K.L.:
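The structure that follows is given in the form of structure tokens.
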Amino acid sequence: MAFFKTVSKLRSRLNQQSNLSNSVRWLQIQSSSDLDLHSQLKELIPEQQERLKKLKSEHGKVQLGNITVDMVLGGMRGMTGLLWETSLLDPDEGIRFRGLSIPECQKVLPAAKPDGEPLPEGLLWLLLTGKVPSKEQVDALSKELQSRATIPDYVYKAIDALPVTAHPMTQFTTGVMALQVQSEFQKAYEKGIHKSKYWEPTYEDSLSLIARVPLVAAYVYRRIYKDGKVIPVDDCLDYGGNFSHMLGFDDPQMQELMRLYVTIHSDHEGGNVSAHTGHLVASALSDPYLSFAAALNGLAGPLHGLANQEVLLWIKSVVDECGENITAEQLKDYVWKTLNSGKVVPGFGHGVLRKTDPRYMCQREFAKKHLPNDPLFQLVSKLYDVVPPILTELGKVKNPWPNVDAHSGVLLNYYGLTEAKYFTVLFGVSRSIGICSQLIWDRALGLPLERPKSVTMEWLENHCKKAASS
Ligand code: NMX
Ligand code: MLT
């Protein structure tokens, strides 16, 4: 009987998967005995090293496009310059994690409960291996992360040395820097590890870092907002559920939100400020803690991860000025007031996306299901109607549609996590999964030091003069 049940479960999973995009390169059913992520990775690495070698030797001189002066002056927009295996961003369709869109991940990644949101551990497995894990594999990874989730006391002391009024991101990054003292990569490098083995201590550091950042983040939250009353780990909970628990939120719906939140914020290909920074710093063979702390400092900027803080503060300022039942006309005036005072409308626009961010859409679906009558959700919906035509009217904004940050704050606020200044820390915890997954592959593939060429304005002027006269 048990055998037939297993076969029918596998068959339904196969049917589900065969409906997915053909581009899913490694999607396959796992045998339930194969529970160790490290050994899965060890098997995959030689194959991928060969693939890279072949790409270099056979196609190394193939051109990928022309670099223009606009690109050099315009923040390298549209310039392909990085290898990033874990995810790829399409301007219209949005992010795909190893070929899977967000709705596809919601369908196939194991959940904590039937039809629930994906477990972030499953996404970590997918990003690292390119394979959809079984529930057993995800449970094993959950346990492994739990076993790594210990924090030395000096990490808390380092955070405590800061004034409690320091921004949560400053406190969080300080904690991550203090964790660096335990880096296995640094120790191995000092002992003279062979470069072919770099990925092993990088894997150790990365998994420990991913396991530990929720504890550091929860400590920061409790320190600043809950009189320092720390909530210990609950061993029975998964990564996202436990993070929500340690912050002080045990509502099962909030735990589901946290699983979704951590999953969708994890990775957004390699060129975004945090991922790119982490990758750049890691290319100097800085260990995962140093690299990730650098990435967090980029995430803390208002045009990047801090936008989630800015959105909720902005929405609350709208309510303060106009009340919750604001009309479309009042809202338009408020948006124009923001723009006319030389500020951006937070949560709208993107460096690559040209349509509504699917991460916004899946949060909208979550809100429609769980909090349809929440006044702030209704305000976010009104903004979806009002803001894009105004940004389009400006004539210079390349993408007038909302991004991931336009929605996350009101969901958290609904479940009681109202402290907007803390939001970017949640983004940071999630991003550890994407950045560290790619970092392991950086080391496994032996990617080199990153060092693009820069030029001066004079160099550009002379180059353009020469180009015009030839
Ligand atoms: N509100 C007002 N102006 C905007 C907006 C916006 N939401 N988005 C773009 N613009 C302006 C931009 O400032 C620039 O103006 P100027 O030429 O005077 O400097 C012009 O439109 C062209 O910018 P784009 O090429 O459309 O956008 P770019 O790729 O340079 O920047 C963002 C992308 C995301 C930085 C920009 O859209 C923005 O500032 N958005 C608001 C902040 C935000 O939501 N950031 C979060 C992004 C997602 N994340 O989590 O990281
Ligand atoms: C991200 O998630 O990193 C942001 O959407 C920014 C980006 O992709 O450039």
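Atoms within a ligand are numbered from 1 in the order they appear, just like the ligands themselves. Everything numeric here is computed off the predicted structure, so don't read it as measured data. In what follows, residues are counted from 1 in the order of the sequence shown.
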K.L.:
Decide side-chain contact (heavy atoms from CB on, under 4.5 Å) for Gln40 and Gln137; before the verdict, give the C-alpha distance in whole Å, the side-chain angles of both, and the deciding distance to 0.1 Å.
P.N.:
CA-CA 11 Å; Gln40 290 262 312; Gln137 287 170 320; 4.3 Å; yes

K.L.:
Heavy-atom distance from atom 48 (C) of ligand 1 to the protein below 4.0 Å?
P.N.:
yes

K.L.:
When you look at CD1 of Ile67, are more than 12 heavy atoms from neighbouring residues, nucleotides or ligands closer to it than 6.0 Å?
P.N.:
no

K.L.:
Looking at atom 40 (N) of ligand 1, would you say a protein heavy atom lies below 4.0 Å from it?
P.N.:
yes

K.L.:
Before accepting this row, confirm whether a basic side-chain N of the pair Asp139/Lys135 lies closer than 4.0 Å to the acidic partner's carboxylate O.
P.N.:
yes

K.L.:
Would you sort out whether Ile102 and Ile264 count as a side-chain contact (heavy atoms from CB on, under 4.5 Å), showing the intermediate values?
P.N.:
CA-CA 7 Å; Ile102 287 176; Ile264 64 175; 3.9 Å; yes

K.L.:
Identify the closest protein heavy atom to atom 8 (O) of ligand 2: which residue and atom is it, and at what distance?
P.N.:
His268 ND1, 2.7 Å

K.L.:
Under a 4.0 angstrom heavy-atom cut-off, which atoms of ligand 1 come close to Arg77?
P.N.:
28 (P), 29 (O), 30 (O)

K.L.:
Can you find a side-chain donor-acceptor pair between Arg98 and Thr129 that sits under 3.5 Å?
P.N.:
no

K.L.:
Could you check whether atom 6 (C) of ligand 1 has a protein contact, counting only heavy atoms that fall below 4.0 angstrom?
P.N.:
yes

K.L.:
Tell me whether the centres of the aromatic rings in His350 and His268 are closer together than 6.0 Å.
P.N.:
yes

K.L.:
Show the atoms of ligand 1 that are less than 4.0 angstrom away from any heavy atom in Lys398.
P.N.:
25 (O), 26 (O)

K.L.:
So between Val344, Val311, Val335, whose heavy atom ends up nearest atom 42 (C) of ligand 1?
P.N.:
Val344

K.L.:
Quick check on the 6.0 Å ring-centre criterion: do Phe377 and His407 meet it?
P.N.:
yes

K.L.:
Return the closest protein heavy atom for atom 50 (O) of ligand 1 as residue, atom name and distance.
P.N.:
Asp405 OD2, 2.5 Å

K.L.:
Checking a contact table here: which protein heavy atom is nearest atom 36 (C) of ligand 1, and how many Å away?
P.N.:
Phe348 O, 4.3 Å

K.L.:
Heavy atom of His268 under 4.0 Å from ligand 1?
P.N.:
no

K.L.:
Report yes or no: does Glu269 have a heavy atom closer than 4.0 Å to ligand 2?
P.N.:
no

K.L.:
Which is closest to atom 7 (C) of ligand 2 in terms of heavy atoms, Arg359, His350, His304?
P.N.:
His350

K.L.:
Below 3.5 Å, N or O to N or O, backbone or side chain included: is there any such pair between Asp357 and ligand 2?
P.N.:
no

K.L.:
Quick one: do the Gln255 and Ser244 side chains pair a donor with an acceptor below 3.5 Å?
P.N.:
no

K.L.:
Tell me the contacting part of Asn308 for ligand 1: side chain, backbone, both, or neither, using a 4.0 Å heavy-atom threshold, strictly below.
P.N.:
neither

K.L.:
Assign the ring pair Trp199 / Tyr203 to parallel, tilted or perpendicular, where the plane angle (0 to 90°) is split at 30° and 60°.
P.N.:
perpendicular

K.L.:
Describe, in one word, how the ring planes of His370 and Phe366 are oriented to each other, choosing from parallel (under 30°), tilted (30 to 60°) and perpendicular (over 60°).
P.N.:
tilted

K.L.:
Name the closest protein heavy atom to atom 27 (O) of ligand 1, giving the residue it belongs to and the distance to 0.1 Å.
P.N.:
His350 O, 4.3 Å

K.L.:
For the pair Asp267 and Ile95, evaluate side-chain contact (heavy atoms from CB on, under 4.5 Å) and give the outcome as yes or no after the intermediate values.
P.N.:
CA-CA 8 Å; Asp267 205 25; Ile95 196 66; 5.9 Å; no

K.L.:
Which ligand 1 atoms, with their elements, are less than 4.0 angstrom from a heavy-atom of Ala307?
P.N.:
43 (C), 44 (O), 45 (N), 46 (C)

K.L.:
Could you list the atoms of ligand 1 found under 4.0 angstrom from a heavy atom of Gly347?
P.N.:
43 (C), 44 (O)

K.L.:
Using the rule given for side-chain contact (heavy atoms from CB on, under 4.5 Å), can you reason through Glu324 versus Gln378, listing the C-alpha separation, both sets of side-chain angles and the distance that settles it, and then say yes or no?
P.N.:
CA-CA 9 Å; Glu324 268 173 2; Gln378 288 173 355; over 6 Å; no

K.L.:
Which of these, Val404, Leu353, Asn403, Asn272, has its nearest heavy atom closest to atom 9 (O) of ligand 2?
P.N.:
Asn272

K.L.:
Using heavy-atom distances, let me know which of Leu394, Val345, Leu303, Val352 sits nearest atom 1 (N) of ligand 1.
P.N.:
Val345

K.L.:
Quick check on contacts: which atoms of ligand 1 are under 4.0 angstrom from a heavy atom of Gly351?
P.N.:
29 (O), 33 (C)

K.L.:
Got the closest protein heavy atom to atom 3 (O) of ligand 2, with its distance?
P.N.:
Arg431 NH1, 2.6 Å

K.L.:
Can you tell me which residue and heavy atom of the protein come closest to atom 10 (N) of ligand 1, and the distance to 0.1 Å?
P.N.:
Val397 CG2, 3.7 Å

K.L.:
Tell me, yes or no, whether the heavy-atom count around Asp385 atom CG, taken from other residues, nucleotides or ligands under 6.0 Å, exceeds 12.
P.N.:
yes

K.L.:
Write out the residue and atom name of the closest protein heavy atom to atom 17 (O) of ligand 1, then the distance separating them to 0.1 Å.
P.N.:
Lys396 CD, 4.1 Å

K.L.:
What protein heavy atom lies closest to atom 51 (O) of ligand 1? Include the residue and the distance to one decimal.
P.N.:
His304 ND1, 2.8 Å

K.L.:
Between the main-chain N or O of Ser437 and the side-chain N or O of Glu85, is there a donor-acceptor pair closer than 3.5 Å?
P.N.:
no

